[in-house]
Amino acid sequence: MSYGPEEHYKGLSPELEKCRHSAAHIMAQAVKRLFPEAKITIGPAIETGFYYDFDLNKPFSPEDLTRIEDEMRKIVKENYPFLREELSRGDATLLFEKMKEPFKVEILNEIKEDRVSTYRQGEFLDLCRGPHLESTGKLKAFKLLSIAGAYWRGSEKNKMLQRIYGTAFPSQQELDAYLKQIEESKLRDHRKLGKELGLFSIHSEAGPGLIFWQPKGGRVRWVLENFWRQEHFRRGYEFVYSPHVARLELWKTSGHWDYYRDSMYPPMELEEDQYVTKPMNCPGHILMFRSGVRSYRDLPLRFAELGTVYRFERTGVLHGLMRVRGFTQDDAHIFCTPQQLQGEIQSVLELVDFMMKIFAFTYQVALSTRPEKFAGQLEMWDKATQALEEALKARNIPYKVDPGEGVFYGPKIDIKLIDALGRPWQGPTIQVDFNLPERFEATYVASDGKHHPVVMVHRAVWGSMERFLGILIEHFGGAFPLWLSPVQVKVLPITSDEIPYAQEVKQRLVKEGLRAELDDRSEKIGFRIREAQVEKVPYMLVIGGREAQGHTVAVRERKKGDLGVMDLDAFLKKAQEEVEQKSA
RNA sequence: GCCGAGAUAGCUCAGCUGGCAGAGCACGUCCUUGGUAAGGACGAGGUCACGGGUUCGAUUCCCGUUCUCGGCUCCA
């Protein structure tokens, strides 16, 4: 499973493409003016802007970025036309050799066409397919954003280059809107909100990539887990628990030791035996499946577990809750007959749809088919792929096909969820697995009295509690819907005279199952409201003399503000209904 | 792991070119009883991430380690 937000290439309009690609050239020109020793490599337009990679001995500093940007403004002002020239590949190679641009020469060596094109603006010339703006003066709005290391041709084995990221738009308004969106994303950063709202923490004393759920985050997770169990039980899942460590031998049988060792914590020696912490739950579940003779009458068997796994991830890739070393998957393995496969996939798709709607995510579906290297029989692959495809069709789900993108052990359906800011995240996954049943000789007895290999479906709806909560934090900007909020209601007496009634109100709410807290500190009401707002508490009940007298509450909603006075019972009913409906 | 940047009070951050460590918020005590987003006074808080080095003297300069951040690569 991968970490998002990931590349979600909608394809740029030709206009935007030209604008950004030209911006990249102008940046390269500016860099060459300021750092003549820099070697140019490639500089494409990307969804969020553009970049250009340079080979230069000394690193760019943030001040350099400003200087480069200023130089770019000059180039825009100088308004050079972008001039296209065509020449033979051989001539181009000679040209770039003369210019001492070895990376361009390397690219030319791999180009198959005989004719190539270059673009010139002023003194700067680059090998490029184009197209470009008419002239540098047409670049209206751009900004350089960051400096980063990037491998030449994206390979770890190659030299590390220096990449400068920037963005450009046809108009200043569009640029401003984009910069504002970046700010908005920063405000929603789950690491920032997680700290501010007391949801979770990470401690260097304990180690990187290990999450500690603080009380507030613990509440949210607890609510989510209960909901998850309830929905799964309703849908015929059984809950199992499997140990966190197991003999190394088990992981050799499953194949993980061969294929996945780099991501596993190394073995522990115990009484002349070796144990490893689990990086996945599947081998445990398959042991449980295999613990007795299974008849086709017993199937399907759906083993679900909020299973905590540990994977070694390189420090450089760790990221808040999104990429961690210890996490809890909302895992389940479905053991069924080939005939049942399509129906089971449909049920999972139904569950996925249900879950996505609950949290107000939209989503996109992709079907990944057989890769070149694969386990199992061809015939099985075809049947399984067909089952996945038919399940999607039966449920009228639009999807695209990613040919050859399946895992070696089986085809899969991957679902990307789109959050409130339109950002995509790797979400639910449904994978058919031919490999493990074979390795473990997991079979069932069919009506013919013979053993047949069982079909195993591996699926996760949320992925992991950590990542899903991270996505939820960003999706809701920390303002969880009522049913998920760690503190749902804050009771705020105006003066100390109303404390007894406020206590009564709070206790009533708690008794009725709401997570209510009383803030009776001797602070002004405005101050306590502000604090509750900052904590993103959905409802504040302001209680003054009038309310205490009339057994009412003055309701304030965090987004809509003052809702006016209500009977306590009326508020209770309203809140309970909202919780029940899980309105997002 | 790689390139770059960073680590100063619980949090957010200031501290120019070496000379006994600062602000706001939060926290504690007291005053204030205030009707829908910040009332006031006083106070406590630091091995300047850790370990070495240079120096009369290091939060500041150098090296290493750990962790964090932006990317790259990786990611069943």
Side-chain angles (χ1 to χ4, degrees), chain A residues 1-4 6 51 53 55-56 58-62 64 145-165 189 191-192 195-196 198 201-209 254-256 259-260 262-263 279-280 282 309 311-320 322-324 329 331 368 371 405-410 412 414 426 429 431 433 435-436 458 460 463 467 492-499 520-535 540-547 554-558 560-565:
Chain A
M1 265 168 257
S2 65
Y3 133 77
E6 38 183 65
Y51 66 80
D53 288 346
D55 183 27
L56 181 63
K58 72 178 182 57
F60 290 120
S61 67
D64 291 337
L145 297 173
S146 59
I147 310 155
Y151 297 108
W152 166 237
R153 305 226 140 161
S155 167
E156 227 171 337
K157 297 192 181 78
N158 290 342
K159 187 168 188 187
M160 178 72 69
L161 307 170
Q162 293 192 65
R163 174 172 297 179
I164 301 179
Y165 280 101
D189 190 313
R191 293 166 300 182
K192 176 180 148 73
K195 197 181 277 179
E196 284 172 4
S201 54
I202 299 172
H203 304 269
S204 56
E205 295 92 326
S254 70
H256 288 94
Y259 292 102
Y260 206 67
D262 289 347
S263 297
M280 291 190 196
C282 11
V309 297
R311 296 181 188 175
F312 172 75
E313 302 276 7
R314 302 201 277 183
T315 43
V317 308
L318 299 173
H319 181 92
M322 302 304 187
R323 191 83 180 265
V324 293
Q329 295 183 304
D331 211 357
S368 301
E405 288 299 305
V407 203
F408 76 92
Y409 55 68
K412 62 173 179 174
D414 274 328
Q426 172 59 50
T429 175
Q431 310 177 343
D433 185 348
N435 186 50
L436 281 182
H458 174 118
R467 196 182 56 198
L492 308 172
I494 290 175
T495 74
S496 50
D497 291 343
E498 292 90 37
I499 291 179
D520 59 1
R521 290 173 303 166
S522 62
E523 296 288 350
K524 289 178 110 170
I525 191 67
F527 178 85
R528 283 174 289 152
I529 285 174
R530 182 189 142 78
E531 272 204 355
Q533 284 288 149
V534 169
E535 286 167 35
M540 288 150 254
L541 300 184
V542 178
I543 285 167
R546 298 195 291 271
E547 287 77 18
V555 182
R556 181 189 166 95
E557 204 270 346
R558 69 182 160 196
K560 295 179 196 141
D562 195 348
L563 299 185
V565 176

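Convention: sequence-line order gives letters A, B, ...; per-chain numbering from 1. On a predicted model such as this, the values are computed, not experimentally measured, just so you know.
- Backbone-only engagement by R163(A) is indicated by non-hydrogen atom pairs under 4.0 Å involving sugar-phosphate atoms exclusively.
- A salt bridge links D53(A) with R163(A); the closest basic N to acidic carboxylate O contact falls under 4.0 Å.
- Among the nucleotides rC74(B), rG34(B), rA37(B), the one closest to any side-chain atom of R323(A) is rC74(B).
- Side chain of Q431(A) to main chain of V407(A): no donor-acceptor pair is present (N/O by atom type, distance under 3.5 Å, no hydrogens or angles).
- Atom CD1 of I147(A) is separated from atom C1' of rA5(B) by 9 Å (rounded to the nearest Å).
- If you check rU55(B) for Watson-Crick or wobble pairing at under 3.5 angstrom, you find it has no partner at all.
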Protein and nucleotides 59-68 of chain B: nitrogen or oxygen contacts under 3.5 angstrom:
none

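- Within the nucleic acid shown, E531(A) has no heavy atom closer than 4.0 Å to any nucleic acid atom.
- Going from the C1' atom of rC16(B) to that of rC72(B) covers 35 Å, rounded to whole Å.
- Between R521(A) and E531(A) there is a side-chain heavy-atom pair separated by less than 4.5 Å.
- Between P208(A) and T315(A) the shortest heavy-atom distance is CG-CG2, 4.4 Å.
- Residue-environment remark: CZ (F312(A)) exceeds the threshold of 12 foreign heavy atoms within 6.0 Å.
- Separation of the P atoms belonging to rU59(B) and rG52(B) is 13 Å when rounded to the nearest angstrom.
- For A148(A), the side-chain atoms get nearest to rG70(B) when compared with the rest of rG70(B), rA26(B), rU73(B).
- With rG35(B), rU73(B), rA37(B) as the candidates, the nucleotide lying closest to the side chain of E156(A) is rU73(B).
- For the P atoms, the distance linking rC27(B) with rU65(B) amounts to 40 Å, nearest Å.
- Summarising the geometry, the separation between NE2 on H319(A) and C1' on rC69(B) is reported as 10 Å, rounded to the nearest angstrom.
- Put simply, the side chain of R528(A) gets close to the backbone of P493(A): a donor and an acceptor are under 3.5 Å apart.
- Proximity note for Y151(A) (side chain, C-beta onward) versus rG4(B), rC74(B), rC2(B): the nearest is rC2(B).
- Taking atom NZ of K524(A) as the reference point, atom C1' of rC31(B) lies 13 Å away to the nearest angstrom.
- Considering only side-chain atoms of Q533(A), the nucleotide from rA37(B), rG34(B), rU36(B) that sits closest is rA37(B).
- A residue-by-residue look at T495(A) and L161(A) shows that L161(A) has its nearest nucleotide of RNA chain B further toward the 5' end.
- The CG-C1' distance, from D562(A) to rA37(B), rounds to 13 Å in whole Å.
- Under the 3.5 Å distance criterion, the side-chain polar atoms of N158(A) are matched with a main-chain donor or acceptor of W152(A).
- Whole-Å rounding puts the Y165(A) OH to rG70(B) C1' distance at 9 Å.
- The Y260(A) side chain lies nearest to rA76(B) when the options are rG1(B), rA37(B), rA76(B).
- Within the shown strands, nothing qualifies as a pairing partner of rC20(B) under the Watson-Crick or G-U definition with both distances less than 3.5 Å.
- Within 4.0 Å (heavy atoms only), G526(A) reaches sugar-phosphate atoms of the nucleic acid but no base atom.
- Between K58(A) atom NZ and rC3(B) atom C1' there is a gap of 15 Å when expressed in whole angstrom units.
- Nearest-nucleotide mapping onto RNA chain B: of M160(A) and Y409(A), the residue sitting toward the 5' end is M160(A).
- Here the nucleotide nearest the side chain of M280(A), chosen from rG70(B), rA76(B), rU36(B), is rA76(B).
- Rounded to whole Å, the separation between the P atoms of rU32(B) and rU8(B) comes to 39 Å.
- Minimum interatomic distance between L318(A) and G209(A) (heavy atoms only, all atoms of both residues): CD1-N, 3.9 Å.
- Note: CD (E535(A)) to C1' (rA38(B)) measures 14 Å, nearest angstrom.
- Looking at Q426(A) and R467(A), their side chains never bring a donor and an acceptor atom within 3.5 Å of each other.
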Practice item. Any chance you could lay out the side chain to side chain contact (heavy atoms under 4.5 Å, CB included) test for K412(A) and E405(A), step after step, and finish with the verdict? Key: CA-CA 9 Å; K412(A) 62 173 179 174; E405(A) 288 299 305; 5.8 Å; no
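- Which of rA37(B), rC27(B), rU33(B) sits closest to the side chain of R521(A) comes down to rC27(B).
- The backbone N or O of D55(A) lies less than 3.5 Å from no partner atom in the side chain of Q162(A), so there is not a single donor-acceptor pair.
- Using Watson-Crick or G-U wobble geometry with both donor-acceptor distances under 3.5 Å, rC27(B) finds its partner in rG43(B).
- Both distances falling under 3.5 Å, in either a Watson-Crick or a G-U wobble arrangement, place rG4(B) opposite rC69(B).
- Counting non-hydrogen atoms under 4.0 angstrom, A554(A) reaches a base of the nucleic acid.
- Within the nucleic acid shown, G544(A) comes within 4.0 Å of at least one base atom, counting heavy atoms only.
- For R314(A) and rU73(B), a side-chain-to-base donor-acceptor distance below 3.5 Å is present, hydrogens and geometry of angles not being considered.
- Taking the syn range as angles within 90° of 0, the glycosidic angle of rG10(B) is outside it, so the base is anti.
- Between rA76(B) and rC69(B), the distance separating the two C1' atoms is 28 Å to the nearest Å.
- Residue-level contact check: G545(A) touches the bases, meaning some heavy atom is under 4.0 Å from a base atom.
- rC56(B) and rU12(B): their C1' atoms are spaced 37 Å apart (whole Å).
- A donor and an acceptor atom sit less than 3.5 Å apart, one in the side chain of S496(A) and one in the base of rU33(B).
- On the C1' atoms, rU73(B) is 31 Å away from rC62(B), given to the nearest whole Å.
- For the P atom pair drawn from rA37(B) and rG45(B), the interatomic distance equals 36 Å after rounding to whole Å.
- The side chain of I494(A) approaches rG34(B) more closely than any other nucleotide in the set rU33(B), rG34(B), rU36(B).
- In this structure, E498(A) reaches neither bases nor backbone, as no heavy-atom distance under 4.0 Å exists between it and the strands shown.
- Remark: rC74(B) base-pairs with no nucleotide; criterion is Watson-Crick or G-U wobble with both hydrogen-bond distances under 3.5 Å.
- Nucleic acid contact for I525(A): sugar-phosphate only, since backbone atoms but no base atoms lie under 4.0 Å from a heavy atom of the residue.
- Nearest nucleotide to the Q431(A) side chain, out of rA76(B), rC74(B), rA38(B): rA76(B).
- Contact between the side-chain N/O atoms of K195(A) and the OP1/OP2 oxygens of rU12(B) is found at a separation under 4.0 Å.
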